[in-house]
*Asks:* 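A single structure is presented below for examination.
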Amino acid sequence: MTETPPAITTLRDLQRLTPARVGLGRSGASVPTAAWLGFALDHARARDAVHALFDEAALAAQLGALGLSVQSVRSRVRDRHDYLVRPDLGRQLDPQALPGLQDCAGQGADVVLVVADGLSPQAVQQRVPSVLAHLLPRLAAAGLTVGPAVVACGARVALGDQIGAALGARLVVVLIGERPGLSVPASLGAYLTYGPRPGRTDAERNCVSNIHAAGLSDQQAAQRIAWLVREGLARQLTGVALKDDSMLEAAAGALGALPPG
């Protein structure tokens with residue numbers, strides 16, 4: 001029997017359900033000091049998240065421990081300031097990185113994983129190893145081959161199109177730090193593109209977002225990504241034409257496992 005959720009009758013009830021700033025109160029013409037200081041702290045955390053260092057070597061070692069072959073590449077951005085003001089350069093691979101990728105192109109793979117710093121490098125450091133630890137067994141169980149994991153610095157989502165095309169991947173999964181917010185400074189997103197090649201649009205991608213401690217768990221994210229990978233390859237498409245029905249499949253499986261009667 002499903003329990004009825006508690007009624008929301010006060011602002012305090014609503015505050016327990018969301019990290020959003022609701023019911024802050026008032027002190028004269030402004031908000032209370034505690035609310036203002038909390039806002040300032042969260043704003044500082046968000047700014048720090050954008051400028052956090054990306055430890056490529058440590059991440060590569062963690063991915064290697066999962067049994068992945070790892071390559072490191074950079075986009076055409078020169079530094080973090082360049083990354084923030086020139087998003088276009090973050091979508092283009094450093095020409096010096098291309099020959100190394102092309103040397104592996106003959107291997108081919110169903111899936112290539114791109115791990116990119118994005119706008120929250122700390123989210124990538126914190127979440128990617130765990131997400132992949134849950135994801136890789138699911139891909140193996142589906143009989144899918146996984147190519148090299150490519151650690152990309154100074155990357156935007158679309159950089160995965162060029163990387164996937166260079167490696168001859170059927171589908172690319174880009175795990176990238178999402179734009180920090182005032183409630184969540186370290187959130188991971190996963191973007192999936194079938195038939196990656198330069199010129200793909202966001203309408204041709206699927207996104208699994210809000211992977212963080214208070215959002216989608218690493219295991220839940222891996223389940224959704226695996227479902228989208230499997231269905232994307234089977235239907236030979238991703239994007240607006242591929243709806244994420246992974247939760248419906250999981251619910252149907254749970255009902256099927258119930259004893260009769």
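For clarity, every value in this text was computed on a predicted model and none was experimentally measured. In what follows, every heavy atom counts, from backbone to side chain, and hydrogens, waters and symmetry copies are set aside.
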*Asks:* Which atom names give the shortest non-hydrogen contact between Gln122 and Pro185, and what distance separates them?
*Replies:*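 Heavy atoms of Gln122 and Pro185 come nearest at NE2-O, 4.4 Å.
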*Asks:* Flag yes if more than 12 heavy atoms outside Arg21 fall under 6.0 Å of its CZ atom; otherwise flag no.
*Replies:*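 Counting other residues, nucleotides and ligands, CZ of Arg21 exceeds 12 neighbours.
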*Asks:* Are Leu188 and His212 side-chain neighbours, meaning at least one heavy-atom pair lies under 4.5 Å?
*Replies:*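 With C-beta onward as the side chain, the pair stays apart.
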*Asks:* Search all heavy atoms of Ala222 against all heavy atoms of Arg138 and return the closest pair with its distance.
*Replies:*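 Residues Ala222 and Arg138, closest heavy atoms: O-CD, 3.9 Å.
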*Asks:* What's the verdict on side-chain contact (heavy atoms from CB on, under 4.5 Å) for Val174 and Arg205, showing C-alpha distance, side-chain angles and the deciding distance?
*Replies:* CA-CA 10 Å; Val174 178; Arg205 314 185 201 285; over 6 Å; no
*Asks:* Looking at Glu178 and Asn210, would you say the former's side chain and the latter's main chain have a donor-acceptor pair under 3.5 Å?
*Replies:*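 Pair found, side chain donor or acceptor close to backbone of Asn210.
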*Asks:* In Å, rounded to the nearest 0.5 Å, how long is the span from CZ of Arg230 to CG of Leu144?
*Replies:*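 Arg230 atom CZ to Leu144 atom CG measures 9.0 Å (nearest 0.5 Å).
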*Asks:* Taking all heavy atoms of Ala186 and all of Gln126, pick out the closest pair and write down the distance.
*Replies:*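 That closest heavy-atom pairing would be CB-OE1, 3.8 Å.
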*Asks:* Has Glu56 got a side-chain atom pairing as donor or acceptor with Val151's backbone, closer than 3.5 angstrom?
*Replies:*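 Looks like no, no N/O pair under 3.5 Å.
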*Asks:* Taking it one step at a time, do Leu119 and Tyr83 satisfy side-chain contact (heavy atoms from CB on, under 4.5 Å)?
*Replies:* CA-CA 9 Å; Leu119 287 164; Tyr83 177 79; 3.8 Å; yes
*Asks:* Going hydrophobic residue to hydrophobic residue with side-chain gaps under 4.5 angstrom, can you get from Leu66 over to Ile211?
*Replies:*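 Same cluster.
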*Asks:* Can you get from Leu135 to Leu59 by hopping between Ile, Leu, Val, Met, Phe, Trp and Tyr side chains that sit under 4.5 Å apart?
*Replies:*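 As far as the 4.5 Å side-chain criterion goes, Leu59 and Leu135 are connected within one cluster.
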*Asks:* Answer yes or no: is there a donor N or O on one side and an acceptor on the other, between the side chain of Arg170 and the main chain of Gln236, under 3.5 Å?
*Replies:*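 No; zero donor-acceptor contacts below 3.5 Å.
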*Asks:* Treating Ile, Leu, Val, Met, Phe, Trp and Tyr as nodes and any side-chain heavy-atom pair under 4.5 angstrom as an edge, say whether Leu37 and Leu182 lie in one connected cluster.
*Replies:*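 Linked within one cluster.
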*Asks:* So, is the end of the Arg200 side chain (NZ or CZ) under 6.0 Å from the ring centre of Tyr194 and within 45° of the ring's axis?
*Replies:*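 Judged by the rule, Arg200 and Tyr194 form no cation-pi pair.
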*Asks:* Check the pair Leu192, Ile225 against side-chain contact (heavy atoms from CB on, under 4.5 Å), reporting the backbone distance first and the verdict last.
*Replies:* CA-CA 8 Å; Leu192 298 86; Ile225 295 168; 4.2 Å; yes
*Asks:* Hey, what do you get for CD (Glu231) to OG1 (Thr238), rounding to the nearest 0.5 Å?
*Replies:*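 Result: 12.5 Å between the selected atoms.
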*Asks:* Taking all heavy atoms of Val50 and all of Pro121, pick out the closest pair and write down the distance.
*Replies:*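 Closest approach of Val50 to Pro121, heavy atoms only: O-CD, 4.2 Å.
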*Asks:* Could you tell me whether a side-chain N or O of Thr193 sits under 3.5 Å from a main-chain N or O of Pro196, the two making a donor and an acceptor?
*Replies:*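 No.
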*Asks:* Is there a donor-acceptor pair closer than 3.5 Å between any side-chain N or O of Asn206 and the backbone N or O of Leu242?
*Replies:*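 Yes; at least one donor-acceptor contact below 3.5 Å.
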*Asks:* What do you reckon, is CZ of Arg78 surrounded by more than 12 foreign heavy atoms closer than 6.0 Å?
*Replies:*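 12 or below, so no.
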*Asks:* Show the nearest heavy-atom pair for residues Ala149 and Leu63, with the distance to one decimal.
*Replies:*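 Closest heavy-atom pair between Ala149 and Leu63: CB-CD1, 4.1 Å.
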*Asks:* Regarding Asp42 and Arg45, does a basic nitrogen lie under 4.0 Å from an acidic carboxylate oxygen?
*Replies:*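 Arg45 and Asp42: salt-bridged.
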*Asks:* Is there a side-chain contact between Arg76 and Pro95 in this structure, where contact means two heavy atoms from C-beta onward sitting under 4.5 Å apart?
*Replies:*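 Result yes, sub-4.5 Å side-chain heavy-atom pair found.
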*Asks:* Is there a chain of hydrophobic side chains (I, L, V, M, F, W, Y, each step under 4.5 Å between heavy atoms) that links Val184 to Leu175?
*Replies:*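 Cluster IDs for Val184 and Leu175 differ.
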*Asks:* Is Val240 reachable from Tyr191 through a run of I, L, V, M, F, W or Y residues, each pair having side-chain heavy atoms under 4.5 Å apart?
*Replies:*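 Different hydrophobic clusters.
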*Asks:* Starting at CG of Asp82, measure out to CG of Asp79 and round the result to the nearest 0.5 Å.
*Replies:*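 Taking CG in Asp82 and CG in Asp79, the distance rounds to 5.0 Å.
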*Asks:* Check whether any side-chain heavy atom of Trp36 lies under 4.5 Å from a side-chain heavy atom of Leu24, and answer yes or no.
*Replies:*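 Answer no - side chains too far apart.
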*Asks:* Would you say that Leu84 contacts His51 through its side chain, given a criterion of any heavy-atom pair below 4.5 Å between the two side chains?
*Replies:*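 Result yes, sub-4.5 Å side-chain heavy-atom pair found.
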*Asks:* Check whether any side-chain heavy atom of Ile176 lies under 4.5 Å from a side-chain heavy atom of Val124, and answer yes or no.
*Replies:*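 Heavy-atom side-chain distance check fails, nothing below 4.5 Å.
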*Asks:* For Ser30, does its backbone N or O pair with a side-chain atom of Ser27 as donor and acceptor, under 3.5 Å?
*Replies:*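 No, Ser27 side chain to Ser30 backbone: no donor-acceptor pair under 3.5 Å.
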*Asks:* Looking at Arg91 and Asp88, is any side-chain nitrogen of the basic one under 4.0 Å from a carboxylate oxygen of the acidic one?
*Replies:*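 Arg91 and Asp88: not salt-bridged.
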*Asks:* Just how far is it from atom CG of Leu132 to atom CZ of Arg127, taken to the nearest 0.5 Å?
*Replies:*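 The CG atom of Leu132 sits 12.5 Å away from the CZ atom of Arg127.
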*Asks:* Donor-acceptor check, side chain of Thr145 to backbone of Asp110, threshold 3.5 angstrom: yes or no?
*Replies:*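 Such a contact is found between Thr145 side chain and Asp110 backbone.
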*Asks:* Decide side-chain contact (heavy atoms from CB on, under 4.5 Å) for Leu113 and Leu136; before the verdict, give the C-alpha distance in whole Å, the side-chain angles of both, and the deciding distance to 0.1 Å.
*Replies:* CA-CA 10 Å; Leu113 303 167; Leu136 292 173; 4.1 Å; yes
*Asks:* Give me the atom names and distance for the closest heavy-atom approach of Ser120 to Arg80.
*Replies:*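 Scanning both residues completely, I find the closest heavy atoms to be N-NH2, 4.5 Å.
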*Asks:* Rounded at 0.5 Å granularity, tell me how far CG in Leu228 sits from CZ in Arg235.
*Replies:*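 Separation between the atoms: 9.5 Å.
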*Asks:* About how many Å separate CD of Gln220 and OG of Ser246, when rounded to the nearest 0.5 Å?
*Replies:*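 Result: 10.0 Å between the selected atoms.
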*Asks:* Do Leu93 and Leu159 have side chains that approach each other closer than 4.5 Å (heavy atoms only, starting at C-beta)?
*Replies:*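 The answer is yes; the side chains approach within 4.5 Å.
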*Asks:* Please answer whether the main-chain N or O of Ala155 pairs with a side-chain N or O of Asp117 as donor and acceptor at a distance below 3.5 Å.
*Replies:*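 Yes, the answer is positive, given that a donor and an acceptor are paired below the 3.5 Å cut-off.
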